[in-house]
J.: 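The structure is given below, and queries will be raised subsequently.
All residue numbers in this chain count up from 1 along the given sequence.
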Amino acid sequence: MFDSVSSAALSSALDGLAARQRATADNIANINTPHYLAARVDFESALRDAVAGGSGVAPSTESRDMATPTREDGNNVDLDTETLSNIDTQLRYQLVSQAMSNKFSSVANALKTS
């Protein structure tokens, strides 16, 4: 039951969101570092493929944002973008954490009644 596809997918989602939050924190910490390119973490498409394939286990990948224009100092970190990303990541993390908690509560209730 704990190694089901949904449990693995929820765990992978939490790992990916935690990696994204670390990347956002690094981006903000380096907002004044010349030639620093913002880091981005992607895991959703790999997670979707993993769930469709029946495993639910997906790695997150970190890449540098080469598409966003850089400032004169070569840095492309935008504080507004990072702030919105941080808020979005926190909300998603809370949602996935609640789903995981609900799953374990269901198991606990099932064990109490049997």
Side-chain angles (χ1 to χ4, degrees):
M1 170 156 296
F2 293 110
D3 57 349
S4 67
V5 173
S6 63
S7 294
L10 289 171
S11 180
S12 290
L14 289 173
D15 290 344
L17 290 165
R20 182 172 290 157
Q21 193 162 29
R22 283 191 301 274
T24 301
D26 287 345
N27 292 341
I28 292 171
N30 286 289
I31 197 164
N32 291 322
T33 303
H35 305 290
Y36 180 85
L37 297 177
R40 301 287 175 234
V41 173
D42 181 45
F43 64 92
E44 287 89 348
S45 59
L47 182 57
R48 211 174 356 259
D49 292 344
V51 170
S55 75
V57 177
S60 58
T61 57
E62 182 175 320
S63 61
R64 294 291 163 186
D65 184 359
M66 307 299 270
T68 303
T70 59
R71 300 185 311 244
E72 287 185 22
D73 65 356
N75 185 309
N76 70 350
V77 176
D78 178 69
L79 186 57
D80 291 338
T81 301
E82 300 306 325
T83 301
L84 290 174
S85 174
N86 190 38
I87 292 168
D88 179 74
T89 302
Q90 285 179 351
L91 291 173
R92 289 175 189 254
Y93 197 93
Q94 288 173 357
L95 181 66
V96 175
S97 296
Q98 187 62 47
M100 183 74 91
S101 176
N102 290 345
K103 184 170 182 66
F104 286 120
S105 292
S106 297
V107 171
N109 287 336
L111 291 174
K112 287 179 188 174
T113 57
S114 60

J.: Which residues pass the side chain to side chain contact (heavy atoms under 4.5 Å, CB included) test with D78, sequence neighbours left out?
T.: D80, T81

J.: In this structure, would V57 and L47 fall into the same cluster of hydrophobic residues linked by side-chain contacts under 4.5 Å?
T.: no

J.: Between S101 (side chain only) and S97 (backbone N and O only), is there a donor and an acceptor less than 3.5 Å apart?
T.: no

J.: Under the salt bridge (charged side-chain N to carboxylate O under 4.0 Å, His left out) rule, collect the residues that match up with R22, sequence neighbours excluded.
T.: none

J.: Which residues satisfy the side chain to side chain contact (heavy atoms under 4.5 Å, CB included) test with T89, sequence neighbours excluded?
T.: L17, R20, Q21, S85

J.: With D15, which residues qualify under side chain to side chain contact (heavy atoms under 4.5 Å, CB included), at least two apart?
T.: S11

J.: Provide the full list of salt bridge (Lys or Arg N to Asp or Glu O under 4.0 Å) pairs with a residue in residues 33-42, sequence neighbours left out, each pair given once.
T.: R40-D65, R40-E82

J.: I need the minimum non-hydrogen distance between A8 and S55, along with the two atoms involved.
T.: CB-O, 3.5 Å

J.: Under 4.5 Å between side-chain heavy atoms, chaining through other members, with only Ile, Leu, Val, Met, Phe, Trp and Tyr counted: pull out the rest of the cluster around L37, sorted by chain and number.
T.: M66

J.: With D26, which residues qualify under salt bridge (charged side-chain N to carboxylate O under 4.0 Å, His left out), at least two apart?
T.: none

J.: Calculate, to the nearest 0.5 Å, the distance between atoms NE2 and CG belonging to H35 and N75 respectively.
T.: 9.5 Å

J.: Check S12 against G56 and note the closest heavy-atom contact, atom names and distance.
T.: OG-O, 3.2 Å

J.: Any chance you could pull the hydrophobic cluster mates of Y36, using side-chain heavy atoms under 4.5 angstrom and chaining through other members?
T.: I28, I31, V77, L79

J.: Per the salt bridge (Lys or Arg N to Asp or Glu O under 4.0 Å) rule, what does the pair list look like for residues 47-60, sequence neighbours excluded?
T.: none

J.: Please name the pair of heavy atoms, one in P59 and one in A46, separated by the smallest distance, quoted to 0.1 Å.
T.: O-CB, 4.0 Å

J.: Rounded to the nearest 0.5 Å, how far apart are CE of M100 and OG of S105?
T.: 12.0 Å

J.: Applying salt bridge (Lys or Arg N to Asp or Glu O under 4.0 Å), which residue pairs with at least one partner in residues 85-99 are found, sequence neighbours left out?
T.: D88-R92

J.: Specify the closest pair of heavy atoms between N76 and A38, including all atoms of both residues, with the distance to one decimal.
T.: OD1-N, 2.7 Å

J.: Measure the CG-CD distance between L10 and Q98 for me, rounded to the nearest 0.5 Å.
T.: 11.5 Å

J.: Which residues pass the side chain to side chain contact (heavy atoms under 4.5 Å, CB included) test with V5, sequence neighbours left out?
T.: V51

J.: Same cluster or not: L14 versus F104, using hydrophobic residues (I, L, V, M, F, W, Y) connected whenever any side-chain heavy atoms lie under 4.5 Å apart?
T.: yes

J.: By side chain to side chain donor-acceptor pair (under 3.5 Å), which residues pair with N86, not counting sequence neighbours?
T.: none

J.: Taking all non-hydrogen atoms of both residues into account, name the closest pair between A19 and V41 and its distance.
T.: O-CG2, 3.6 Å

